[in-house]
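Chain A is the first sequence line, chain B the second, and so forth, proteins listed ahead of strands; every chain is numbered from 1. Since the structure is predicted, the reported quantities are computational estimates derived from the model, not experimental observations.
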2 protein chains.
Amino acid sequence: MSTPSSAFLKQLRKMIHPSDPRIGALGDVVLSTSLIARGRDIVPLGSTERRVLAIGEGIAMRYRLLPDGGRQIFMFLLPGDACNPNLFNATPMDHAIAAVTPVRLEQIPHDSMLVLLKKVPEVNQALWSMADQQTAVMRDRIMGLGRCDARIRVALLLWELVMRLRVSEAQVMPVVIPITQALLADAVGVTHIHFNRIVSEFCRLGILATQRGRLFVTNPRSLQVIASEITCAA
Amino acid sequence: MSTPSSAFLKQLRKMIHPSDPRIGALGDVVLSTSLIARGRDIVPLGSTERRVLAIGEGIAMRYRLLPDGGRQIFMFLLPGDACNPNLFNATPMDHAIAAVTPVRLEQIPHDSMLVLLKKVPEVNQALWSMADQQTAVMRDRIMGLGRCDARIRVALLLWELVMRLRVSEAQVMPVVIPITQALLADAVGVTHIHFNRIVSEFCRLGILATQRGRLFVTNPRSLQVIASEITCAA
DNA sequence: CGGACTATTGAAGCGTCTCAAAGCTGGTGG
DNA sequence: CCACCAGCTTTGAGACGCTTCAATAGTCCG
């Protein structure tokens with residue numbers, strides 16, 4: 001069985017096929033892990049990696065800084081998500097990736113991945129799927145930013161995180177989102193201050209509960225209702 | 001030489017390597033084209049394609065409709081751009097692609113692509129690069145939508161289009177952008193009406209000139225200046 | 001020549017930002 | 001073990017960017 005305690009390999013396996021025999025080859029991959037402290041960069045701006053990096057545990061973010069000190073967060077990366085699914089990319093990163101919580105990072109040298117790729121071509125396909133999923137998340141973000149008011153954008157983001165957390169971690173009901181309000185605000189493109197007013201409202205509605213540094217989603221159902229007030233047809 | 005009159009194959013060739021000998025194999029690909037009228041869908045919502053579709057000539061858009069009748073445009077596709085660079089994707093589209101101008105569409109069956117892929121593995125790499133370029137464009141869009149006011153978003157979009165048009169078509173100075181103001185507005189997330197006020201301002205500044213259905217960029221330089229008033233460090 | 005689409009202009013309303021300030025909470029060092 | 005400090009959260013009031021609604025004008029096509 002070679003249970004891959006790796007979140008990344010687990011996700012890879014899931015994308016290939018429920019029970020492909022060649023999946024055993026995944027165990028042969030050279031995988032190392034390291035711990036990244038909260039707030040530190042995992043992949044700095046302008047870097048070119050020669051390993052596949054993936055989130056093993058914790059939460060990270062793709063982001064970019066602006067000259068005025070602002071910051072835009074493109075998306076949050078959850079356990080199993082790859083920072084750079086494109087094995088062949090030689091161009092320097094146009095953004096950075098940092099740890100939102102303490103992160104256990106999984107690293108696989110490109111060489112090792114390429115060997116695997118030759119043995120199991122379906123891995124390439126799986127990597128494509130992972131990349132596609134991430135761009136789908138970004139499309140949803142563009143959708144929200146371009147067409148919805150802040151209230152709905154917040155609901156959309158939280159709903160997205162709840163859904164994605166449910167698969168990576170098997171969460172129980174009060175879903176925990178261990179991300180600062182300021183960071184969440186930087187993702188939906190509002191001031192952390194206005195974000196907070198919206199959170200307060202959701203708390204009053206019994207949808208959320210707060211604690212320093214984290215949010216509890218007590219009622220995902222109504223979150224989705226709010227989100228779908230304007231959400232897309234897809 | 002087998003000059004591929006195909007914009008897509010040209011782009012593919014460019015991404016592989018300036019002068020790889022195996023590039024000749026690109027000519028063996030099964031390529032057909034068809035004409036799409038302005039406004040028609042190229043790839044409808046929910047479809048699953050078994051061919052690679054690419055823009056040969058003209059401009060298309062990735063977009064999604066909202067229940068309230070609104071529309072968000074994720075990005076514009078220019079000659080050479082692929083609608084679906086992921087050969088292995090079997091999941092239905094979560095958005096649609098339509099022709100902004102009359103479009104000459106290039107179609108290559110997946111079978112044929114896979115044959116090519118086996119002969120020239122670098123093609124896979126090239127497809128990855130194309131996908132990466134598109135997500136880079138989307139990241140820039142998120143950046144703008146989340147962090148910049150409308151004036152700058154407009155400058156950013158127009159600057160992006162000017163840059164990308166310069167490579168696909170060898171444009172001369174008054175760069176023509178044959179896209180309706182209403183559509184451009186739907187891309188940057190403002191009312192077409194407010195978009196028009198910004199265009200008017202840019203006209204007064206001598207940056208733009210207008211004509212029914214198209215924009216002329218007469219002074220790209222100052223466009224970039226405005227765009228970089230807040231733009232990212234990258 | 002009529003009809004449909006595109007562009008343009010004005011005025012009122014509101015969503016969000018900005019600035020300013022003050023609680024809180026948890027972790028750190030004394 | 002306590003005090004302090006940095007980071008996170010919360011609250012208020014004024015300003016402004018953008019939307020909305022309404023209406024007119026220009027331009028292409030059948």
Side-chain angles (χ1 to χ4, degrees), chain A residues 37-40 59 66 68-73 98-102 144-155 157 176-204 208-216 226 229-230, chain B residues 37-40 66 68-72 98-102 144-155 157 176-204 208-216 226 229-230:
Chain A
R38 170 194 145 99
R40 303 213 74 83
I59 300 181
L66 287 83
D68 69 356
R71 167 180 52 193
Q72 177 64 39
I73 295 177
V100 169
T101 69
L145 286 170
R147 280 276 157 312
C148 305
D149 63 13
R151 202 181 114 92
I152 292 175
R153 290 210 298 274
V154 171
L157 174 62
V176 185
I177 298 181
I179 307 178
T180 289
Q181 291 189 22
L183 285 181
L184 292 168
D186 279 348
V188 290
V190 290
T191 319
H192 73 278
I193 186 163
H194 187 59
F195 186 92
N196 177 58
R197 293 197 226 271
I198 296 172
V199 167
S200 306
E201 184 200 334
F202 285 177
C203 284
R204 252 174 280 124
L208 294 180
T210 68
Q211 209 179 84
R212 179 194 181 76
R214 78 201 82 238
L215 244 52
F216 299 95
I226 294 176
E229 275 174 24
I230 307 235
Chain B
R38 169 193 144 101
R40 302 213 76 84
L66 286 84
D68 68 355
R71 168 180 50 194
Q72 177 64 40
V100 171
T101 69
L145 286 170
R147 281 274 158 310
C148 304
D149 64 14
R151 203 181 113 94
I152 292 176
R153 289 211 296 275
V154 172
L157 174 64
V176 185
I177 297 180
I179 306 178
T180 289
Q181 290 188 22
L183 285 182
L184 292 167
D186 278 348
V188 292
V190 291
T191 317
H192 72 278
I193 189 161
H194 186 60
F195 186 93
N196 178 57
R197 292 196 228 271
I198 296 172
V199 167
S200 306
E201 184 201 334
F202 286 177
C203 285
R204 254 175 277 125
L208 295 180
T210 68
Q211 211 179 84
R212 180 192 179 77
R214 78 201 84 237
L215 246 51
F216 299 95
I226 294 175
E229 276 174 23
I230 306 232

Leading and trailing nucleotides of DNA chain C with any atom under 4.0 Å from heavy atoms of chain A: C:dT16 to C:dG26
Residues in side-chain hydrogen bond (donor to acceptor under 3.5 Å, both in side chains) contact with A:R71, at least two apart in sequence or another chain: A:D186
Qualifying residues under side-chain hydrogen bond (donor to acceptor under 3.5 Å, both in side chains), relative to A:R214, sequence neighbours excluded: A:Q211
Closest-nucleotide ordering on DNA chain C, the 5'-leading residue of B:Q211 and A:A150: B:Q211
Relative orientation of the end axes in the helix from C:dC1-D:dG30 to C:dG30-D:dC1, expressed as an angle to the nearest 10° (five pairs per end): 50°
Sugar-phosphate only, base, or nothing, as touched by B:R153 at under 4.0 Å among non-hydrogen atoms: nothing
Touch class at under 4.0 angstrom, heavy-atom based, for A:R151 against every strand present: nothing
Residues which pass side chain to side chain contact (heavy atoms under 4.5 Å, CB included) with B:A185, listed by chain and number, not counting sequence neighbours: B:V190, B:H192, B:F195
Side chain to side chain contact (heavy atoms under 4.5 Å, CB included) partners for B:R40, two or more places apart: B:I36, B:A37
Step-by-step side chain to side chain contact (heavy atoms under 4.5 Å, CB included) determination, A:F216 to A:V176: CA-CA 5 Å; A:F216 299 95; A:V176 185; 3.7 Å; yes
Side chain to side chain, B:D149 and B:I152, heavy atoms closer than 4.5 Å: yes
Please find the pair of heavy atoms, one from [X] and one from [Y], that lie closest to each other, and give the distance.
{"X": "A:A99", "Y": "A:T101", "answer": "CB-O, 3.3 Å"}
{"X": "B:L157", "Y": "B:A187", "answer": "CD2-CB, 4.1 Å"}
{"X": "B:G39", "Y": "B:A98", "answer": "O-CB, 4.4 Å"}

Pairwise side chain to side chain donor-acceptor pair (under 3.5 Å) hits with a residue in residues 194-203 of chain A, at least two apart: A:R151-A:E201
Whether B:R153 side chain and B:V188 backbone form a donor-acceptor pair below 3.5 Å: yes
Separation of B:C148 SG from B:I226 CD1 (nearest 0.5 Å): 12.5 Å
Nucleotide range of DNA chain D lying under 4.0 Å from chain A heavy atoms: D:dG7 to D:dA13
Nearest-nucleotide comparison on DNA chain D, the residue closer to the 5′ end among A:R197 and A:R212: A:R212
Residues in contact with DNA chain C, drawn from residues 189-196 of chain A - heavy-atom cutoff 4.0 Å: A:G189, A:V190, A:T191, A:I193, A:H194
Result block: side-chain N/O donor-acceptor pairs under 3.5 angstrom for residues 177-184 of chain B, not counting sequence neighbours:
none

